[in-house]
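A short worksheet on the structure shown next.
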Amino acid sequence: MFTWGVSTSSYQIEGAASEDGRGPSIWDTFSRIPGAVANGDTGDVACDHYHRFEEDLDLMKWLGVNAYHFSISWPRVLPNATGALNKAGMDFYDRLIDGALSRGIEPWPTLYHWDLPQAAQDRGGWNNRDCASWFAEYAHLMAERFGDRIKNWVTINEPFCSAWLGHLYGVMAPGIKDLQTGINASHHLLLGHGLAVEALRQVSSEFKVGITLNFTPAITLGDSADDALAVKLADGFDNRWFADPVFKGSYPSDIVEAFGREVPIHSGDLNVISSPLDFLGLNYYFRQTVEYDAEATPLPYRQVRTPKVERTGMDWEVNAETFTELLLRINKDYAPKEFFITENGSAWDDEVINGKVDDPKRVSYLERHLDAMFKAKNLGIPISGYFAWSLMDNFEWAYGYAKRFGLIYVDYETQKRIPKSSAYYYRERIKS
Ligand code: FCB
């Protein structure tokens with residue numbers, strides 16, 4: 001059976017940030033830095049999913065999805081990152097998991113979707129190699145408690161964003177701007193992934209375990225050898241830096257060389273990182289256009305605007321054909337046993353008119369990307385599921401609540417949920 005789902009993540013929807021013993025996360029800290037998040041928004045309340053999850057599960061049931069991809073908030077269950085479990089936090093995920101199962105919806109957790117406990121950051125965060133072991137310890141505890149009801153586990157969501165956006169560009173928590181820290185964080189995130197795979201497999205050999213990587217294909221409009229190099233570097237930085245170690249057990253040598261920095265690899269690390277997986281979670285949003293720029297750091301290229309392309313409310317290019325090509329390419333280069341599209345979606349300026357939200361552009365994006373995915377599937381790529389990003393509008397990281405990705409509209413004043421036209425479309429598509 002094909003897996004039809006929706007995705008969310010803990011910090012983006014749960015709220016209840018200081019309730020029931022939850023510890024602060026790096027996003028609680030980061031969102032309080034003036035100017036870090038649009039409009040000074042924080043995840044303190046978000047969609048209040050912590051209190052409204054039953055209603056949200058009902059909406060999922062109405063949509064007809066058979067799986068719910070959410071993330072567990074590490075600081076909610078382990079406020080000090082390690083040590084004693086927070087009972088109330090664990091109970092929440094018990095209720096969520098049981099609530100999903102009782103509606104015929106398979107719970108599909110990610111263990112890390114960027115909300116690192118601040119307590120871990122205070123000890124160096126992902127720059128500290130020990131963070132990988134803390135993460136594995138946490139993974140083990142989750143598997144022991146929830147493993148009787150969870151079959152599919154995603155270790156880490158988009159290490160690209162954690163490593164590069166959080167530690168190199170500083171536009172996401174923890175807001176560090178340093179190449180070496182970014183490289184360290186990327187390696188320790190991947191090591192954490194590998195150790196977590198081992199920890200999960202220790203609990204049960206029945207689990208299906210994977211990682212979620214976001215892929216951003218690159219093209220250039222230039223025809224020089226330098227522009228071709230720019231494409232290769234962009235692909236290396238965004239895609240190969242994370243997929244190569246996981247699937248091939250090595251970092252891409254061209255990028256290691258171009259960085260000119262040390263990757264803090266200890267003997268055996270790459271074996272751990274490339275421990276066999278049951279599936280790849282693939283997130284796809286857009287394609288980028290790049291050109292060579294000798295002055296750019298950390299690598300000599302920059303993104304440019306392609307003229308005359310359709311763009312979403314994030315200013316991201318819409319390219320559904322690229323999605324098909326990407327799936328074929330990832331299958332060829334990395335041959336994961338199985339693919340799940342763990343995120344795909346678009347933000348638009350939605351408006352409530354007479355109590356309804358009509359979002360034809362999201363419907364069109366969804367339709368074209370589903371078609372593109374099924375095209376790849378029909379060409380023999382082992383794609384077993386699709387999760388739309390996102391169930392509902394939520395805290396879109398540094399963009400705060402200004403960007404809406406939901407199939408369901410959230411009125412943040414009243415917490416009223418309004419299914420958009422795209423939710424009706426998705427529902428029909430699943431039925432058919
Ligand atoms: C992905 C993130 C997800 C959401 C979407 C729009 O990179 O994993 O949390 O922000 O982008």
Side-chain angles (χ1 to χ4, degrees), residues 5-15 25-27 30-31 36-38 41-43 46-47 49 68-74 108-116 154-169 171-173 186 189 193 210-217 237-239 241-243 280-288 311-319 323 326 340-350 359 361-362 365-366 369 386-408 410 420 422:
V6 282
S7 285
T8 63
S9 90
S10 48
Y11 190 73
Q12 294 181 275
I13 63 164
E14 283 181 3
S25 79
I26 56 174
W27 271 94
F30 184 73
S31 60
V37 173
D41 290 343
T42 73
C47 308
H49 181 70
Y68 175 36
H69 185 44
F70 61 101
S71 77
I72 297 177
S73 160
W74 183 355
W108 255 79
T110 285
L111 290 165
Y112 186 69
H113 198 127
W114 313 348
D115 46 356
L116 187 74
V154 174
T155 55
I156 290 184
N157 173 71
E158 302 189 352
F160 167 93
C161 295
S162 269
W164 298 151
L165 303 184
H167 299 82
L168 165 61
Y169 296 122
V171 294
M172 285 197 168
S186 67
L189 279 154
H193 152 74
I211 188 172
T212 283
L213 301 177
N214 56 311
F215 290 92
T216 309
F237 180 76
D238 283 19
N239 309 320
W241 187 260
F242 300 93
L280 168 65
L282 183 145
N283 292 357
Y284 172 73
Y285 285 94
F286 59 96
R287 180 186 78 175
Q288 59 181 325
R311 289 168 186 281
T312 69
M314 295 292 280
D315 210 26
W316 294 348
E317 289 188 15
V318 180
N319 297 99
F323 191 22
L326 173 70
F340 286 88
I341 309 309
T342 33
E343 285 182 30
N344 171 244
S346 58
W348 304 97
D349 294 332
D350 301 315
D359 58 342
K361 290 183 175 160
R362 186 175 289 99
Y365 181 101
L366 183 59
H369 285 76
Y386 177 93
F387 294 85
W389 183 271
S390 180
L391 168 68
M392 57 187 161
D393 298 335
N394 57 52
F395 176 82
E396 180 47 35
W397 308 112
Y399 298 89
Y401 297 100
K403 301 293 177 195
R404 294 179 176 271
F405 273 92
L407 300 176
I408 294 172
V410 176
K420 305 177 191 175
S422 55

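Just follow the structure's listing: the first ligand is 1, and inside any ligand the first atom is 1. The shown structure was predicted, so the numbers you read here are calculated from the model rather than taken from an experiment.
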Residues Ser10 and Asp115: side-chain donor-acceptor under 3.5 angstrom: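 Indeed, the side chains of Ser10 and Asp115 share at least one donor-acceptor pair under 3.5 Å.
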
Contact with ligand 1 for Asn157, non-hydrogen, under 4.0 angstrom: yes

By number and element, which atoms of ligand 1 are closer than 4.0 Å to a non-hydrogen atom of [X]?
X      : value
His113 : 2 (C), 3 (C), 8 (O), 9 (O)
Glu396 : 4 (C), 6 (C), 10 (O)
Trp114 : 2 (C), 7 (O), 8 (O)
Trp397 : 3 (C), 4 (C), 9 (O), 10 (O)

Under-4.0 Å heavy-atom contact with ligand 1, by part of Gln12 that carries it: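 Gln12 to ligand 1: side-chain contact only, backbone stays beyond 4.0 Å.
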
Nearest-contact summary for atom 7 (O) of ligand 1 - protein heavy atom, Å: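 Protein heavy atom at minimum distance: Glu158 OE1, 2.5 Å.
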
Residue, atom name and distance, where the atom is the protein heavy atom closest to atom 5 (C) of ligand 1: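 Closest protein heavy atom to atom 5 (C) of ligand 1: Tyr285 OH, 3.3 Å.
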
Atom of Pro217, atom of Phe286 and distance for their closest heavy-atom approach: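 Heavy atoms of Pro217 and Phe286 come nearest at CD-O, 3.7 Å.
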
Qualifying salt bridge (Lys or Arg N to Asp or Glu O under 4.0 Å) pairs with a residue from residues 398-408, counting only residues at least two apart or across chains: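 Qualifying pairs, neighbours excluded: Asp393-Arg404.
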
is_close_aromatic(Tyr365, Trp348), centroid dist under 6.0 Å: no

Between Trp108 and Phe340, ring centroids under 6.0 Å: yes

Side chain to side chain contact (heavy atoms under 4.5 Å, CB included) partner of Thr8, chosen from Phe405, Phe70, Phe387: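 So, applying the side chain to side chain contact (heavy atoms under 4.5 Å, CB included) to Thr8 and each of Phe405, Phe70, Phe387, only Phe70 qualifies.
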
Whether Phe323 and His369 hold their rings parallel, tilted or perpendicular, with breakpoints at 30° and 60°: tilted

Glu343 N/O to ligand 1 N/O under 3.5 Å: yes

